[in-house]
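Letters go in sequence order (proteins before strands), and every chain restarts at 1.
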Amino acid sequence: KAGAEQPAAGPRAPVLLAAPSKAPCKPAVFIPVDRSPEIQEARLKLPILAEEQVVMEAINDNPIVIICGETGSGKTTQVPQFLYEAGYARDSILGKTCIIGITEPRRVAAVSMSQRVAKEMNLSHRVVSYQIRYEGNVTDETQIKFVTDGVLLKEIQKDFLLSKYKVIIIDEAHERSMYTDILIGLLSRIVPLRHKKGLPLKLIIMSATLRVEDFTANTRLFSAQPPVIQVDARQFPVTVHFNKKTPLDDYSGECFRKVCKIHRMLPAGGILVFLTGQAEVHSLCRRLRKAFPYQKNNTQCKVTCVPLLMCCFHLPSLSQTLPKIDLNNYSVLPPDEGDEDRDIDSDDDAAGSDLDLDLGDGDSEGDEKSDSSLPLYVLPLYSLLAPEKQAKVFRPPPPGTRLCVVATNVAETSLTIPGIKYVVDSGREKRRCYDRITGVSSFRVTWVSQASADQRAGRAGRTEPGHCYRLYSSAVFMDFEKFSAPEITKRPVEDLILQMKALNIEKVINFPFPTPPPTEALAAAEELLIALGALKEPPTTGRLNQQLAAKLSCPISPLGRVMATFPVAPRYAKMLALSRQHQCLPYTITIVSAMTVRELFEELDRPAGSEEEAAQLKGRRARFLQMQKVWAGQGPMQKLGDLMVMLGAVGACEYSGCTQEFCEQNGLRHKAMLEIRRLRGQLTTAVNSVCRDAGLYVDPKMKPPTEAQVTYLRQIVLAGLGDHLARRVQAEELLDDKWKNAYKTALLEDPVFIHPSSVLFKELPEFVVYQEIVETTKLYMKGVSAVEPEWIPALLPAYCHFGKPLESPPPSYCPGTGRVHCHRPSVFYRVGWQLPAVEVDYPPGIDRYKHFARFLLEGKVIEKLSSYSQCLLSSPLIMLKTWSKLQPRTEALLQALVQENCDNRDALVAAWKKNPKCNLPGIIGVGMGSSAWKSLRKGANPLTGLEPGGGTRAGGRAAARQRRPGGRGAGSYLQPESPFSPAEIAQLGER
DNA sequence: GAGCACTGC
């Protein structure tokens, strides 16, 4: 195994793009594994096994290796075993165990791969384990660990060097998931760092395609080009048939016709159809069921009518014992033969060999007629389908029927359906598209990439040779993009940027992304995080280009560190960070969980397949609408809007035990509710670990929030969704009918509307915040909550431009904070909406000193002074006059305050404390012009001799809590800053 | 007055 000297040789020499550097010869290590004979035999059939030596030599000689192999090469299950056997789970020097880590982009894959490898190696799951978001079975003995990519990213936050690992394998790197890309970027730096420390870490990147130039040709990523090893796949050949014509609209109808033909004319084998969405899937299912009815009770096999169909459809295990159908000798002439393009691979085959299986483009008649002689077992498949309904596709279809699965993209990567011989590919997919500037998303049906189409075709060759029918011409195919763009380039990246800043990567723009996100996306993310207070604000002075440079390299703030520990979107993390007031945390955790989990409510608006189903759907819709009203609460609570509905729904669901029945009856998606429960658990733990005294737990019998709490929750939501504020268009702006009931947002020119499914659809509050805008027929806001206008400047100062302090109401001294307050009018950024004047800190500057001096003289700052205010020679209001009008004594006071930076109580006390001998008290005395103050000249200690105003001197934090921005209705305002203590935040900073 | 593919912390 350690024969590193032997050059790789063999009939299929792997591609080595870079010559490996020779490493010093190490003694051979071999850890025995006790595999069962059956497993041993099965392994030997895997193509990767033939390459074990090559793979291990490359890994031995290089810190970073790329392995390319299609699905079926066995790389995911075998490479970890190679490494284990070669001793990579053991530290040769210390004799300790180390970990071989493998990342997967999906939870199910991490779990199932760990189970399979454990079984193959005959090892306990204590040794071969997994860790995913909510669960894992990792122990001290774990040596092979499968994780989801996000889990590894979190581990890097705790231990940047990943010191427990000796190897990291990034699996499915070709999928280019956001976390995979970031991990590769981070590991490109961690690997050399570990090398410097003398604790080398191996990185193996595994990809199904050969599109690895983003990794190999990117010198910023890897300065030395890593070797690429190519491994064969064990797949059955799939013949690809292109349509001659490409239907532009009715691809769904074309799918129908193609399935009909396959089913009528071609031998046994499951059919898999790729469409774009739920509605299409259901509609095609209905049509196919109508054309080939399958009665549950009538399982009698009717093959006699159809000589070409065999009884044993879709039973791969039995197919061995049945006569094999030779595809080349099989012959049925399609009705419109000669109408098609040639097979792409017909050049290699005997002429016309596969032409038989070409079925021609659509347009044949009579397909819609019900044909009871051909039972077809039609099943829908999409991600949001209930798991028990999804599971049906994995079971063999009833005897005498042919399986036909109508699926969305789930069947392309996430789920593998057994027994598929025919793939019908519409060539389209539905994608979520984001507007980079406005963040508005829309769903668009687009052509897939060539890689995607090939992946779909491959689904036909998993158990035997198969056929793929593409409902588009080869010319159209050639116009497809080769690969779909990496996720990181197409999505908002604020969550990612926050994670990176938490790793102290400040200049995000310099990060070695395999493919960087667009600069606008980075700028938008940085801007949002600054507005949320997660990043320190860049300087607004200095040279313009310096300012610009600083703009994309802001360091994380203490609040940002708190936010980064919550595994949710930054807007939601901000809500959590603000909720440690008025016992709001359990509610915010629930709302944030509900907003994070997609599609809480079941889709009940779909067209029904039968009258019976239609009646049932109608009943369920009515029931849901009724429940929605209940969950929306009463009176002022309704203003929390759709978020109140979410809170109510989760509360009610948990109260009833979160059963399948409750969910079904009330229009809730059971799977979503279970996910929310787990997320609540995770967030509760995360919050508890930040605030040690929170003592939170997930209460299934959580009481509804009080009216006051709902008001705070609305403010919390506003603070997180500040950039998602919308204002109803005013009557005078209603020039065009298209603005009827419309709202305006800061970033969009076009009108936006409250989505009709929202409980606030008819309410039309003046200001709302929304969870997201989705563009369909119009721009619709979803997840809507009403906002009071005076909250906006109080809670979103970052988005407001403030005017001069008002004279009425006059500036005042706030005993709670020891600062000068005033009322300032403001406008909302970009759109200039006038907002009510609210009480805020007096803006910094000379006037703030003047007001402070005045309140000081009036005895409001330090209580003991108040008894002397009678003795003053002139009114303290004199302080507010312009410099020139000041008398020498008042001028001296003002100058002294400015010199010591004392424009608030805390600063004054601090200055005094720092230098008890300073002449401030004396100057105050002079300033007041009263002989009664002479005693102060001696420098009496203000901490003992004088009581600051506002009664007991409260700690900074408690004092801050008393602050009520907005000033009216004490108790109804939220404290806008993070209510975490400096100690708590410091502790986070150490990580 | 409505139609959302797929994932990860």
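Among the heavy atoms of the strands, none lies under 4.0 Å from A:Arg176. Residue A:Glu599 is classed as a base contact, given a heavy-atom separation below 4.0 Å to a base. Among the protein residues, A:Lys778 comes within range of no part of the nucleic acid, since none of its heavy atoms lies under 4.0 Å from any strand. Residue A:Glu772 is in base contact, counting any heavy-atom pair closer than 4.0 Å across all strands shown. At the heavy-atom level, A:Thr148 lies under 4.0 Å from the strands shown only through sugar-phosphate atoms. Residue A:Ser383 is classed as a sugar-phosphate contact, given heavy-atom separations below 4.0 Å to backbone atoms only. Nucleic acid contact for A:Arg106: sugar-phosphate only, since backbone atoms but no base atoms lie under 4.0 Å from a heavy atom of the residue. Using a 4.0 Å heavy-atom distance criterion, A:Thr413 is classed as making no nucleic acid contact. If you check every strand for non-hydrogen atoms under 4.0 Å, A:Phe753 touches nothing. Within 4.0 Å (heavy atoms only), A:Gln278 reaches sugar-phosphate atoms of the nucleic acid but no base atom. Within the nucleic acid shown, A:Arg598 comes within 4.0 Å of at least one base atom, counting heavy atoms only.
Between A:Lys164 and A:Glu155 there is no salt bridge, since none of the side-chain N atoms of the basic residue sits less than 4.0 Å from a carboxylate O of the acidic one. In summary, A:Glu602 and A:Arg620 engage in a salt bridge, as defined by a charged side-chain N under 4.0 Å from a carboxylate O. At a threshold of 4.0 Å, the pair A:Glu412-A:Arg456 counts as salt-bridged, since one of the basic side-chain nitrogens sits closer than that to a carboxylate oxygen. Salt bridge A:Asp750/A:Lys778: absent, no basic N to carboxylate O contact under 4.0 Å.
Each of A:Asp495 and A:Asn741 was assigned the nucleotide of DNA chain B with the nearest heavy atom; the assignment lying further toward the 5' end belongs to A:Asn741. Both A:Arg431 and A:Pro567 lie close to DNA chain B; mapped to their nearest nucleotides by heavy-atom distance, the more 5′-ward contact belongs to A:Arg431.
In this structure, A:Thr684 contributes its side chain and A:Arg680 its backbone to a donor-acceptor pair below 3.5 Å.
Taking 4.0 Å as the cutoff to heavy atoms of chain A, we find the contact window on DNA chain B bounded by B:dG1 to B:dC9.
Residues that satisfy the side-chain contact (heavy atoms from CB on, under 4.5 Å) test with A:Val476, not counting sequence neighbours, are A:Thr246, A:Trp447, A:Tyr472, A:Ser473, A:Phe480.
Closest non-hydrogen pair, A:Phe511 versus A:Ile182, comes out as CZ-O, 3.8 Å.
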